[in-house]
Structure formats: C-alpha cells, structure tokens
Amino acid sequence: MFAWRKLTNWFVILNVIGGIGIIVAALDCALHKSDFRNVIMFIYSWSLTPLFILVQFKNLIFIRKRFGFMYSWYGRGAFLVFLGFAVMDQTQELAYNCGLTASVIGAFEFFVVFAFELRSNS
C-alpha cells in the first residue's frame with residue numbers, strides 16, 4: 001500500500017506536466033497556424049485541461065458529476081493519451097513534442113495501474 005501512495009504522488013506530478021504540455025501544444029498550434037482544426041483543439045484543450053489539472057488537487061462535485069472519467073487513473077491516462085495525440089501537429093515541433101510527452105505519460109499511467117491491479121488480484 002505504501003508503494004501505491006508514493007506512486008499516486010508521482011502520478012499527480014506527471015499529470016500536471018502532461019496537462020501543461022497539452023496547453024502549450026494547443027497554444028503553439030493556434031499561434032503558428034490558425035486553421036479550423038487548430039482553433040478547435042485550442043478551445044477544447046484550454047477548456048478541459050485546466051479542469052484536468054484542478055482535479056489532481058481538489059475533489060470538486062461539479063467535475064465529478066460531469067467528467068467522472070477524471071476520477072480514475074485509467075480515465076486520466078486515457079484523457080492524456082487522447083488529447084496528447086489530438087494536439088500533435090507534425091509541422092510544429094514544440095506541439096509535436098508536448099503532445100507526445102502527454103501521450104507517453106498517459107500510456108505509462110495505464111501500464112503501471114494495470115500492473116498494480118494484476119498484482120493485487122493475484
């Protein structure tokens with residue numbers, strides 16, 4: 001149990017880094033190339049990612065009711081993987097690297113949580 005508590009503290013730090021990466025990637029794409037896709041991704045990222053970062057520190061009923069997936073480690077990992085891939089733009093190096101970082105953090109979260117659940121069930 002002690003290892004899981006230490007790990008959740010690291011997950012919170014990694015999730016905040018991934019969330020900031022998504023915001024930076026969306027901003028980079030919107031500033032350099034203002035087409036429809038980048039504007040939509042900018043709005044989507046800037047509306048959901050602050051909620052994602054906030055849920056790392058506070059248990060808000062508003063977010064839990066409407067965005068329940070953000071309260072499980074699987075849901076948080078899926079959010080990072082999805083939005084990380086969505087904000088990646090191959091023409092913008094910063095956006096690509098930030099999106100890739102967020103996706104890798106989300107995938108890492110999936111695998112570690114899955115490994116801990118397998119270990120606790122056996």
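Keep in mind the model is a prediction, meaning the values are calculated, not measured.
Under the rule for a side-chain hydrogen bond (donor to acceptor under 3.5 Å, both in side chains), the partners of T91 that lie at least two apart in sequence or sit in another chain are D89.
Expressed to the nearest 0.5 Å, how far CG of N97 lies from CD of Q92 amounts to 11.5 Å.
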Side-chain polar contacts of residues 13-29 - donor-acceptor pairs under 3.5 angstrom, sequence neighbours left out - could you list them?
{"residue": "N15", "atom": "ND2", "partner": "F11", "partner atom": "O", "Å": "3.3"}
{"residue": "N15", "atom": "ND2", "partner": "Q56", "partner atom": "OE1", "Å": "3.2"}
{"residue": "N15", "atom": "ND2", "partner": "E109", "partner atom": "OE1", "Å": "3.4"}
{"residue": "D28", "atom": "OD1", "partner": "H32", "partner atom": "ND1", "Å": "2.8"}
{"residue": "D28", "atom": "OD2", "partner": "A95", "partner atom": "N", "Å": "3.3"}

*Would you check, one step at a time, whether the test side chain to side chain contact (heavy atoms under 4.5 Å, CB included) holds for F42 with L31?*
CA-CA 10 Å; F42 177 78; L31 289 177; over 6 Å; no
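For the side-chain hydrogen bond (donor to acceptor under 3.5 Å, both in side chains) condition, the pairs that include at least one residue of residues 37-55, sequence neighbours left out, are D35-N38.
Side-chain heavy-atom separations under 4.5 angstrom define the hydrophobic clusters, and the remaining members of the one that includes I40 are F36.
Heavy-atom neighbours of F110 CZ from other residues, nucleotides or ligands within 6.0 Å: above the threshold of 12. Counting heavy atoms of neighbouring residues, nucleotides and ligands inside a 6.0 Å radius, atom OH of Y74 exceeds 12 of them.
With hydrophobic clusters built from ILVMFWY side chains whose heavy atoms lie under 4.5 angstrom apart, F79 does not share a cluster with F111.
Using a 4.5 Å heavy-atom cutoff, the side chains of F52 and L83 are not in contact.
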